[in-house]
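We number each residue from 1, following the sequence as shown.
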Amino acid sequence: MKSEIENFNKLVFKRLILLLIFMSILLTLIPILFNFEKYYGLSRFINQGFVEIYLSSRLELYLTLFMSFFSLTSIFLIYFFVPIGKFFFLIYMILNFIIIMISGDIIYYGILFPINWIKNVCEALILYFMFFGQYKKYFETKI
């Protein structure tokens, strides 16, 4: 009975991670598919931020590739309950927060705002469950 509950808990946690991945993909694909910028043209009115102004496009590309790799690695590690994954995910979240703060304004059109909200809630729940919640025991390091 106890192993069934543990398996169910792991399944719920893995589905939460899959929901996070799905919402991230939607946040990327919807603006590309519908090309909102063509209709609204708001990019000329927003603050471009320090990243775009002071860093070159090549450095911005490297930063994006590094953060994408770091994100995929941390999600892969926590999906399989590797204890070091919770620290990778926490570091990724902190770096992502700093990059968002210095990268200027972001405009979410229509459906993108609730999708981003759900994605942020999933990230917060994952952090809570790994550090304080019921899944904390799966991420304990065995010394």
Side-chain angles (χ1 to χ4, degrees), residues 1-40 42-43 46-143:
M1 181 71 175
K2 188 171 183 167
S3 66
E4 291 176 11
I5 294 172
E6 287 182 11
N7 288 338
F8 180 74
N9 286 342
K10 287 182 178 183
L11 182 66
V12 169
F13 187 74
K14 287 182 177 187
R15 287 188 179 167
L16 184 64
I17 293 170
L18 292 176
L19 179 65
L20 170 70
I21 293 169
F22 179 68
M23 291 298 152
S24 298
I25 291 170
L26 280 180
L27 273 175
T28 305
L29 286 182
I30 288 176
I32 292 170
L33 292 176
F34 294 108
N35 198 7
F36 293 122
E37 187 56 37
K38 182 172 109 179
Y39 301 109
Y40 297 111
L42 293 174
S43 67
I46 64 172
N47 179 15
Q48 300 299 321
F50 293 117
V51 173
E52 192 169 318
I53 294 172
Y54 295 116
L55 300 178
S56 67
S57 297
R58 180 172 286 183
L59 191 57
E60 191 175 353
L61 174 68
Y62 292 148
L63 182 63
T64 302
L65 289 175
F66 171 74
M67 288 303 289
S68 298
F69 175 75
F70 202 49
S71 168
L72 289 173
T73 304
S74 65
I75 288 174
F76 180 78
L77 290 173
I78 62 173
Y79 186 81
F80 291 107
F81 298 100
V82 178
I84 195 73
K86 70 178 182 179
F87 296 113
F88 273 51
F89 192 71
L90 180 65
I91 292 169
Y92 161 73
M93 293 293 298
I94 292 169
L95 287 176
N96 194 32
F97 179 73
I98 292 169
I99 290 170
I100 288 172
M101 281 180 39
I102 63 173
S103 65
D105 295 336
I106 299 172
I107 299 174
Y108 290 115
Y109 305 96
I111 191 71
L112 295 178
F113 183 76
I115 291 173
N116 187 43
W117 188 84
I118 292 170
K119 180 183 136 320
N120 290 338
V121 168
C122 288
E123 289 173 344
L125 281 173
I126 288 171
L127 283 174
Y128 172 75
F129 286 146
M130 284 190 304
F131 284 97
F132 305 112
Q134 59 191 0
Y135 306 111
K136 181 172 77 171
K137 62 183 174 190
Y138 301 127
F139 291 100
E140 292 176 349
T141 56
K142 292 150 179 84
I143 299 175

In Å and rounded to the nearest 0.5 Å, what is the [atom1] to [atom2] distance from [X] to [Y]?
X	Y	atom1	atom2	value
Ile17	Ile126	CD1	CD1	5.0 Å
Phe132	Leu127	CZ	CG	9.0 Å
Phe89	Ser74	CZ	OG	6.0 Å
Ser24	Asn116	OG	CG	9.0 Å
Leu11	Glu4	CG	CD	13.0 Å

Selection [range] - residue pairs positive for salt bridge (Lys or Arg N to Asp or Glu O under 4.0 Å), sequence neighbours left out:
range	answer
residues 93-103	none
residues 106-127	Lys119-Glu123
residues 8-29	none

Where do [X] and [Y] come nearest, in terms of heavy atoms and distance?
X	Y	answer
Tyr92	Ser71	CE1-CB, 3.5 Å
Leu77	Gly85	CB-CA, 3.6 Å
Leu112	Leu27	O-CD2, 3.7 Å

Measure the shortest side-chain to side-chain distance between Tyr79 and Leu18 over non-hydrogen atoms and say whether it is less than 4.5 angstrom.
->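 Tyr79 vs Leu18: side chains touch.
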Would you say Phe87 and Ile84 make side-chain contact, with heavy atoms under 4.5 Å?
->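 Phe87 vs Ile84: side chains touch.
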Residues which pass side chain to side chain contact (heavy atoms under 4.5 Å, CB included) with [X], listed by chain and number, not counting sequence neighbours:
X	result
Thr64	Ser68
Leu125	Leu16, Val121, Phe129
Ile94	Leu90, Ile98
Leu95	Phe66, Met67, Phe70, Ile91

By ring pair (Phe, Tyr, Trp, His ring centres under 6.0 Å), which residues pair with Phe81, not counting sequence neighbours?
->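 For Phe81, the residues satisfying ring pair (Phe, Tyr, Trp, His ring centres under 6.0 Å) (neighbours in sequence not counted) are Phe13, Tyr138, Phe139.
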Using the test ring pair (Phe, Tyr, Trp, His ring centres under 6.0 Å), find all partners of Phe80 that sit at least two apart in sequence or belong to another chain.
->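 Partners of Phe80 under the ring pair (Phe, Tyr, Trp, His ring centres under 6.0 Å) test: Phe76.
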Phe131 CZ: over 12 foreign heavy atoms closer than 6.0 Å |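 Atom CZ in Phe131 is packed in, count exceeds 12.
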Tyr128 side chain to Gly133 backbone, donor-acceptor under 3.5 Å =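 It does not hold such a pair.
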